[in-house]
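Presented below is the structure to which this report refers.
Both ligands and their constituent atoms are indexed starting at 1 by order of listing. Every heavy atom of this structure was used, including side-chain atoms; hydrogens, water molecules and symmetry mates were not.
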Amino acid sequence: MNFEIKYKDARARLGVLKTPHGNIKTPALMPVIHPGKQTIKVEDYGAELVITNAYLIYKNEDLREIAINEGVHELINFDGPIMTDSGSFQLSEYGDVQITNKEIVKFQEKIGTDIGTSLDIPTPPSVKKERAEKELAITLERAIEALEVRQELMLNSVVQGSTYPDLRSECAEILGKMDFQVHPIGAVVPLMESYRYKELVEVVMASVSHLPDSRPRHLMGAGHPMVFALAVAMGCDLFDSAAYILYAEDDRLLMPNGTIKLENLHEMPCSCEVCTNHTPEQLRQMDKKERVQLIAQHNLLISFAEIRQIRQAIIQGNLWELVEQRCRAHPFLLEALRTLKNYSEDLEKYDPPYKKSAFFYSGPESLNRPEVYRHLMKLDRIPNKKSVLILPRSRKPYSEYLHDIPRRYYKFKGNEEIKDIPIGDVQITVVDVPFGVIPLELDQVYPLAQNESPADYDENSICMVNKVLQDYLEGFQAAFISEDVVETFQLGGKFPMDIVHEIPETLKLEVDDNQRIKMIADYQFGTGAGEALFNGDVDIVKSRKTGKIRHVYADQELIATLRASDGVFVLGREGARRLHSFLPYPKNRVVVNQDAEPFAREGKSIFAKFVINCDIDIHAKEEVLIVNEEDQLLAFGKSVLNGKEILDFNIGQAVKTRKGGF
Ligand code: GUN
Ligand code: ZN
């Protein structure tokens with residue numbers, strides 16, 4: 001295994017790929033090096049690994065001689081990791097290549113490539129399914145053959161299947177079970193060339209969702225920075241760019257939001273050294289060769305800057321925001337972004353539930369983000385009270401500012417008046433965008449507090465809140481809705497509502513501490529967790545500075561600490577014990593083997609290779625219980641990966657242990 005994940009956001013992974021010529025950070029961009037023709041030293045612009053074409057080397061006698069005698073690194077004058085392609089692209093362009101699969105794989109090993117590729121068949125988009133199936137069968141045969149003839153060579157194994165998601169998934173599933181090191185997603189160049197980004201999303205999602213999480217994926221032929229963020233958010237780790245030079249030869253400048261023709265430029269578009277040291281006119285006057293060099297340099301600089309920005313976004317937890325910005329560069333990218341809505345369930349499992357950055361609403365597409373889907377799902381974990389009072393949003397956290405809200409409401413449901421219902425039986429819930437309904441007890445939990453959206457709601461948001469609210473009200477016997485909410489969300493007419501009432505002064509628009517901690521626990525760990533963690537006498541200790549809940553103890557033993565940054569519980573020893581006895585195996589558990597047991601008990605972090613089972617529903621960054629095969633509690637900590645990833649990886653950390661000692 002050669003790949004390790006360090007940070008996650010959306011389906012993206014910031015990782016390390018190990019190769020014989022060194023480790024590289026992912027997501028990474030591999031500039032395409034033309035053997036024998038290359039004039040730009042790509043490492044000067046940020047390249048850590050490169051890709052070149054083994055078939056072109058093989059076909060040219062001089063190049064072949066050098067490559068065989070001195071190695072491909074010497075031939076293209078690059079010390080770092082080199083990936084080679086097999087000639088499949090030439091096969092798809094010219095219909096034929098003068099080499100067999102076995103020969104090209106052996107040749108790649110012989111010239112010292114770090115990562116080689118078998119001779120897959122790049123089936124174009126939208127061909128008849130029969131053809132896609134036939135060619136896929138050959139691609140798979142060749143992949144198996146490549147495994148048989150390679151010795152040490154790391155191998156790419158390309159996912160094909162044209163624009164048939166089922167074929168892509170099937171291919172990914174089969175290849176994933178074999179010993180390959182990297183999985184390119186192939187034959188997507190024609191989709192990108194014709195801006196068919198929606199289909200690109202379908203192809204990529206069908207592939208990545210069936211590939212092992214423990215191997216990097218390479219979106220083959222994707223060299224335009226416009227698609228990097230979206231592709232990374234879908235789980236792609238590697239890109240290759242011939243675009244930097246091809247576009248330059250055509251006097252076109254790559255930008256993260258599109259392509260610019262030199263002939264249209266009055267001003268240089270960016271702050272790279274090429275753009276700051278030249279005017280468009282100077283470039284136009286230059287001789288072609290010199291100009292191509294400079295534009296290619298700009299293209300590389302802008303492409304690597306985009307990769308760096310994406311890596312930063314993954315660490316910071318605001319990749320979605322970047323993707324939403326980038327996908328506004330072209331209507332078909334926007335369409336692609338909207339298509340991600342169909343993959344909410346999958347994306348939710350990979351997207352870490354807690355992030356360093358706030359959720360920024362950037363338009364109706366934000367309503368489709370996994371955070372929203374997850375919140376609506378987790379709402380079901382909270383037992384309903386008898387009645388509900390729906391209030392409009394205030395400043396956040398809501399519970400501190402609701403007293404400013406007009407206290408007039410409509411009765412929507414139920415026979416009683418609100419003043420006749422005991423205070424503890426009224427659930428106070430705020431409606432807001434993008435999360436729909438937020439029970440007041442959860443008003444400090446990430447991302448319900450850590451989000452921003454414009455106060456003038458758009459039509460999509462209004463429509464979404466309407467739907468969510470209708471579902472939500474189903475769970476209550478009586479419902480009272482603030483006049484503001486009825487107006488803002490145009491609820492009048494839809495609901496049979498009559499009179500306007502005043503909310504009685506006795507009904508305090510604030511939260512009871514005990515109810516708050518229980519609801520947060522239910523929301524975080526599942527229905528009943530609140531009772532299990534905090535039943536009986538507990539001491540709630542608040543911060544002297546902020547007045548917010550910090551710790552919950554039972555008999556001086558720490559049950560849990562409410563983390564100030566995101567308002568969720570970090571378990572203490574007693575909390576771990578209580579949660580362990582409450583949640584049935586394997587819920588919230590990571591099961592380690594006997595070898596790891598002593599280390600876990602000592603509080604050492606858990607490496608994926610020691611894990612023999614785990615709750616598949618664990619997300620990254622969740623509080624988890626570390627147990628042995630007999631389900632004895634050894635330790636507890638915070639997951640680094642999700643359940644599927646923990647099981648699939650056998651290198652790297654799976655859980656950062658907080659405490660052992662059980
Ligand atoms: N380069 C661009 N697309 C492809 C593909 O599908 N297969 C291979 N081997 N190389 C490519
Ligand atoms: Zn520039």
I want to know if ligand 1 touches Gln160 in the polar sense, i.e. an N/O pair below 3.5 angstrom.
yes
For Thr19, does its backbone N or O pair with a side-chain atom of Asp114 as donor and acceptor, under 3.5 Å?
no
Take atom OH in Tyr373; do more than 12 heavy atoms of anything else shown fall under 6.0 Å from it?
yes
What about the rings of Phe359 and Tyr361, do their centers lie closer together than 6.0 Å?
no
Could you check atom 10 (N) of ligand 1 against the protein and tell me its nearest heavy-atom contact, residue, atom and distance included?
Asp85 OD2, 2.6 Å
Which protein heavy atom lies closest to atom 8 (C) of ligand 1, and at what distance to 0.1 Å?
Met220 SD, 3.3 Å
List the steps and the verdict of ring-ring contact (aromatic ring centres under 6.0 Å, His included) for Tyr58 and Phe107.
CA-CA 8 Å; Tyr58 182 88; Phe107 179 68; 5.1 Å; yes
For Lys289, is the NZ atom crowded, meaning more than 12 foreign heavy atoms sit under 6.0 Å from it?
no
Can you name the N/O/S atom of His298 that is nearest the Zn ion (ligand 2)?
ND1
Which one holds for Leu119 and ligand 1: side chain close, backbone close, both close, or neither close, with close meaning a heavy atom under 4.0 Å?
neither
Atom 7 (N) of ligand 1 has as its nearest protein heavy atom Asp120 OD2, 2.8 Å
As an exercise, identify every atom of ligand 1 less than 4.0 angstrom from a heavy atom of Ala187.
3 (N), 5 (C), 6 (O)
Please state the angle at the Zn ion (ligand 2) spanned by SG of Cys270 and SG of Cys275: what is it, rounded to 10 degrees?
110°
Stacked cation flag Arg215 on Phe3, 6.0 angstrom / 45 deg:
no
